[in-house]
Amino acid sequence: MTQLVLAPPPIGQVRRALWRNLLVTLAINTLAGIFFALFSDSPLWRLMLTSHVIGLTVFVAVTFIFNVVKPSPQREPLYFFAAVALAGLIGLAFNWLIRFRLDELLAMVRQYPSYLLISLVALMLAAAVVASILWSREKASRLEAAFHLEQARNGEQDRQLVQAQLRMLQAQIEPHFLFNTLASVQSLIDVSPGTAKQMLGLFNDYLRASLTRTRHAEGTVGQEIELLEAYLGILQIRMADRLRFEIDCPAVLRDTPLPPMLIQPLVENAIRHGLEPKVEGGLVRIALATTGEALHITVTDTGLGLSRAETGQGLGLANVRARLATLYGEQAQLMLQANPAGGVTATMTLPLQHD
């Protein structure tokens, strides 16, 4: 398989991308400010200013990293977390300086260091949302440029386009999921600090796994399982006893090659259209096994059933089927069937070795 080499886009394209990213950043900042106002007694203008300071700091940092530093893929996570930390610190400093005089600020730091730390964590999470979106857009822009370069070098246009699209999909982190996680952490900080800390740890695992996944066209079963464990752990805290999950993956399969983003859409579909609408929730079970030269992946839920799940197939399951057809041809398949006791089972069969 020919690999795409990340290349800087043309100057004109870079300028257009910068303007688009700036507009996206301003829009996200505004939404974030309104979002925080729903959960805070602080004035809207203060939250809005703080949100824009954080977002614009992330914008400048990400732009500088991609256009000046140009780090290697192995060092990208380090720079990502550095940008998030910088934005969180600047946002915290700005927010506190417009609220307190210097002597009051010093007294607050001495008397309530834990409140300072909690505020910093919350603002860093807000920065992570903006950074994730801008980071994925920058990666997508360079992947698109790399695709066009590779397209000019060889005649495998269709295959290279699909690979670029898959890599771009890997770079996506759903803002809706991140905002919901941020809201959950914020609401738990006062009532259950231990649970908030647990969710922050899972969020960190999810973000690290997502960033690692963006650096490779091919992943492994183990990497996908780590991502799913963090993702489901966060949702389990949010849904409380309405969500239970099981993952059955033999250790011998963890190093098995597996393209990213094949299992998670099935899990998302099971929860969103099967378990979340069900008052009592239920169980989602992920199992992996092999027979002969095939890898079998099943995602089973005890939700509302196939009639409900069918309405949610949309782009999620359609994209999975399209990717399976592109990557494996007729060697792979995805089937959905109703469970006798209720719920749906999605079964994906992949060849362990393919051309």
Side-chain angles (χ1 to χ4, degrees), residues 16-65 80-138 173-193 195-197 199-200 203-204 207 234 238:
R16 290 191 296 272
L18 284 177
W19 280 110
R20 287 195 296 268
N21 286 345
L22 179 58
L23 291 176
V24 169
T25 302
L26 294 175
I28 296 173
N29 296 345
T30 303
L31 290 174
I34 297 173
F35 177 83
F36 279 119
L38 299 176
F39 298 92
S40 175
D41 296 331
S42 299
L44 177 61
W45 67 267
R46 183 192 300 160
L47 294 172
M48 197 67 70
L49 282 177
T50 302
S51 175
H52 279 286
V53 167
I54 293 173
L56 291 175
T57 301
V58 170
F59 170 78
V60 172
V62 171
T63 301
F64 178 80
I65 289 170
F80 176 89
F81 286 112
V84 170
L86 175 65
L89 288 170
I90 291 178
L92 179 65
F94 176 83
N95 183 269
W96 280 42
L97 286 173
I98 63 175
R99 292 169 60 188
F100 307 108
R101 297 194 310 269
L102 184 59
D103 57 336
E104 294 175 334
L105 178 59
L106 294 175
M108 287 283 291
V109 171
R110 287 194 298 267
Q111 295 179 21
Y112 307 104
S114 60
Y115 179 69
L116 178 68
L117 179 60
I118 291 173
S119 299
L120 177 61
V121 170
L123 294 179
M124 285 180 62
L125 281 174
V129 172
V130 182
S132 298
I133 297 171
L134 293 181
W135 204 273
S136 67
R137 290 176 64 87
E138 289 286 355
I173 299 179
E174 187 181 10
H176 177 71
F177 173 71
L178 295 179
F179 273 118
N180 282 345
T181 302
L182 176 59
S184 298
V185 171
Q186 188 176 27
S187 63
L188 287 170
I189 284 176
D190 293 329
V191 298
S192 181
T195 306
K197 181 178 180 181
M199 181 173 278
L200 282 175
F203 180 84
N204 182 59
L207 196 59
I234 292 172
R238 280 169 38 190

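Atoms considered below: every heavy atom in the structure, side chains included; atoms not considered: hydrogens, waters and symmetry mates.
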message = Within the 4.5 Å heavy-atom criterion, are V130 and I54 side-chain neighbours or not?
response = no

request  = Identify the two heavy atoms, one from N21 and one from R137, that lie closest to each other, and give their separation to 0.1 Å.
outcome  = OD1-NE, 2.6 Å

task = Could you tell me which residues satisfy side chain to side chain contact (heavy atoms under 4.5 Å, CB included) with L44, sequence neighbours excluded, listed by chain and number?
result = A37, M48

ask   = Going from CG on N95 to CG on L47, what distance comes out if it is rounded to the nearest 0.5 angstrom?
value = 7.0 Å

ask   = Does any non-hydrogen side-chain atom of L89 lie less than 4.5 Å from one of L120?
value = yes

ask   = Residues in side-chain hydrogen bond (donor to acceptor under 3.5 Å, both in side chains) with T57, at least two apart?
value = none

query = Could you state the interatomic distance from CZ (F81) to CG (L86), rounded to the nearest 0.5 Å?
reply = 15.0 Å

ask   = Can you find a pair of side-chain heavy atoms, one from H52 and one from T25, that are under 4.5 Å apart?
value = no

request  = Would you give the length of the straight line joining atom CD1 of I90 to atom CG of L123, rounded to the nearest 0.5 angstrom?
outcome  = 12.0 Å

message = Could you check whether any side-chain heavy atom of L22 comes within less than 4.5 Å of a side-chain heavy atom of L56, counting everything from C-beta outward?
response = yes

query = Closest approach of A127 and A87, non-hydrogen atoms and distance?
reply = CB-CB, 3.7 Å

query = So, do L125 and V129 sit near enough that their side-chain heavy atoms are less than 4.5 Å apart?
reply = no

query = Roughly how far, to the nearest 0.5 Å, is OG1 of T181 from CZ of R238?
reply = 5.0 Å

remark   = Residues passing the side-chain hydrogen bond (donor to acceptor under 3.5 Å, both in side chains) test with S192, sequence neighbours excluded, are T195

task = Would you check if the side chain of N204 reaches a backbone N or O of L200 as a donor-acceptor pair within less than 3.5 Å?
result = no

task = Mind checking side chain to side chain contact (heavy atoms under 4.5 Å, CB included) for I118 and listing every partner two or more places apart, or none if nothing turns up?
result = I189

Closest non-hydrogen atom pair, F80 against A128 = CZ-O, 4.2 Å

task = For the residue pair I65 and W135, establish whether any side-chain heavy-atom pair is separated by less than 4.5 Å.
result = yes

query = Can you tell me how far CG of L23 sits from CZ of F59, rounded to the nearest 0.5 angstrom?
reply = 9.0 Å

query = Which heavy-atom pair separates M199 from S184 by the least distance, and what is that distance?
reply = SD-CB, 3.5 Å

Side-chain donor/acceptor of S51 to backbone N/O of N29, under 3.5 Å = yes

inquiry  = Which residues pass the side chain to side chain contact (heavy atoms under 4.5 Å, CB included) test with A61, not counting sequence neighbours?
reply    = A83

task = Output all residues satisfying side chain to side chain contact (heavy atoms under 4.5 Å, CB included) with V60, sequence neighbours left out; order by chain, then residue number.
result = none

message = Once ring-ring contact (aromatic ring centres under 6.0 Å, His included) is applied, do any residues pair with F35, and if so which ones, sequence neighbours excluded?
response = F39, F179

